[in-house]
Amino acid sequence: MITSANNTQVKNIIQLNQKAKARREQGLFVAEGRKMFGEAPKDWISRVYVTESLTAEESLMKQVMELPEEKREIVADNVFRQMCDTRTPQGILTVLKKPVWTVRQYHYTMEELMGEKEHPLFLVLEDLQDPGNAGTIFRTGEGAGVSGVFLTKTCVDITNPKVIRSTMGSVYRMPFLYVEDVVSLKAELEQKGIRTFAAHLKGKNSYDQEDYQGGTAFLIGNEGNGLTDEITALADHKIKIPMKGKVESLNAAVSATILMYETMRQREFM
């Protein structure tokens, strides 16, 4: 049992929570809570840490004990709290391997993300910074049947603990890929017959006047500034979400949700 905050494993987990560089170099990330442990793909799990007071819970410990001995650790309650990013830890923390969707495997992962779907639905996120927005988009994307998410390298790190919590487990099932160049990505999408739509205040048509039944990719911009002119110019169509009152724009996750569910509506109920 780990009883000291000076333990090297404890220090390393704190680094994984706080530093994107550490997560990148080690190829690991941290997910807190029972749900995140229970839904984690077994081959992603590097190690699980359980607080001492939780060892009395038979149902949870039965799952933990199914893991090889070298992949599970019991931690003193006071030390466990220091390992966590949340104020009220649930008593279990999972260290996981980052999924192998990388820029170096670009052409392979493009096929992987498309899978067997004849008409895939993608999101392309440009410079999205808010962890809650990113996590919500992943969670909603799974619910709306999105095939995958592309992110520019300036976006928030998806393995940031706050993003992970916001995904509510969808990070395990929603393929994502950071791309260096949206211009090249657009060319790939176009080659595969996927039309791109930019959510933009100067859009010509309302979002519900377009047809998303074929292969579709929505371009979603930064929370404060929206899409850059360069990325907007790449889109096949610019669309807008009508608003009343004095509201100038919507939260990025809200905009993405409206577009995703309009696509699902068209594909399933028309």
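Looking at Met61 and Ile74, their side chains come closer than 4.5 Å, going by heavy atoms from C-beta outward. Residues Ser4 and Val10 are not in side-chain contact: their nearest non-hydrogen atoms beyond the backbone lie 4.5 Å or more apart. Looking at Phe150 and Leu219, their side chains never come closer than 4.5 Å, going by heavy atoms from C-beta outward. By the 4.5 Å heavy-atom criterion applied to side chains, Lys240 and His200 are not counted as neighbours. Side-chain atoms of Tyr49 and Thr94, non-hydrogen and from C-beta on, never get closer than 4.5 Å to each other. Here the side chains of Val48 and Val50 are in contact, with some heavy-atom distance below 4.5 Å. Between Leu151 and Ile158, the closest side-chain pair of non-hydrogen atoms falls below 4.5 Å.
Atoms CG and CG, from Leu234 and Asp229 in turn, are 11.0 Å apart once rounded to the nearest 0.5 Å. Rounding to the nearest 0.5 Å places CG of Leu96 at 10.0 Å from CG of Asp43.
Judged by distance alone, the side chains of Thr159 and Arg23 do bring a donor and an acceptor atom under 3.5 Å apart.
A side-chain donor-acceptor contact under 3.5 Å links Asn222 to the backbone of Asp127.
The shortest non-hydrogen separation linking Ile239 to Phe218 is CD1-CE2, 4.0 Å. Shown here for Gly141 and Met174, the closest heavy-atom pair between the two residues is C-CE, 3.4 Å.
Every pair passing salt bridge (charged side-chain N to carboxylate O under 4.0 Å, His left out) that includes a residue from residues 67-77 is listed here, sequence neighbours excluded: Arg47-Glu73.
With sequence neighbours excluded, the residues that form a side chain to side chain donor-acceptor pair (under 3.5 Å) with Arg34 are Glu57. Scored by the side chain to side chain donor-acceptor pair (under 3.5 Å) test, Thr3 finds no partners at all (sequence neighbours excluded). Not a single side chain to side chain donor-acceptor pair (under 3.5 Å) links Lys162 to another residue, sequence neighbours left out. Looking at residues two or more places apart in sequence or on another chain, you find a side chain to side chain donor-acceptor pair (under 3.5 Å) between Arg195 and His237. For Thr152, the side-chain contact (heavy atoms from CB on, under 4.5 Å) partners are Glu126, Thr154, Cys155, Val182, not counting sequence neighbours.
Here Arg24 does not pair with Asp157 in a salt bridge; the nearest charged N to carboxylate O distance is not below 4.0 Å. With salt bridges taken as basic N to acidic carboxylate O contacts below 4.0 Å, none links Lys62 and Glu58.
Centroid-to-centroid, the aromatic rings of Tyr207 and Phe197 stay 6.0 Å apart or farther.
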- Item | From CA spacing to verdict: side-chain hydrogen bond (donor to acceptor under 3.5 Å, both in side chains), Asp85, Gln18 | CA-CA 8 Å; Asp85 184 64; Gln18 296 178 349; over 6 Å; no
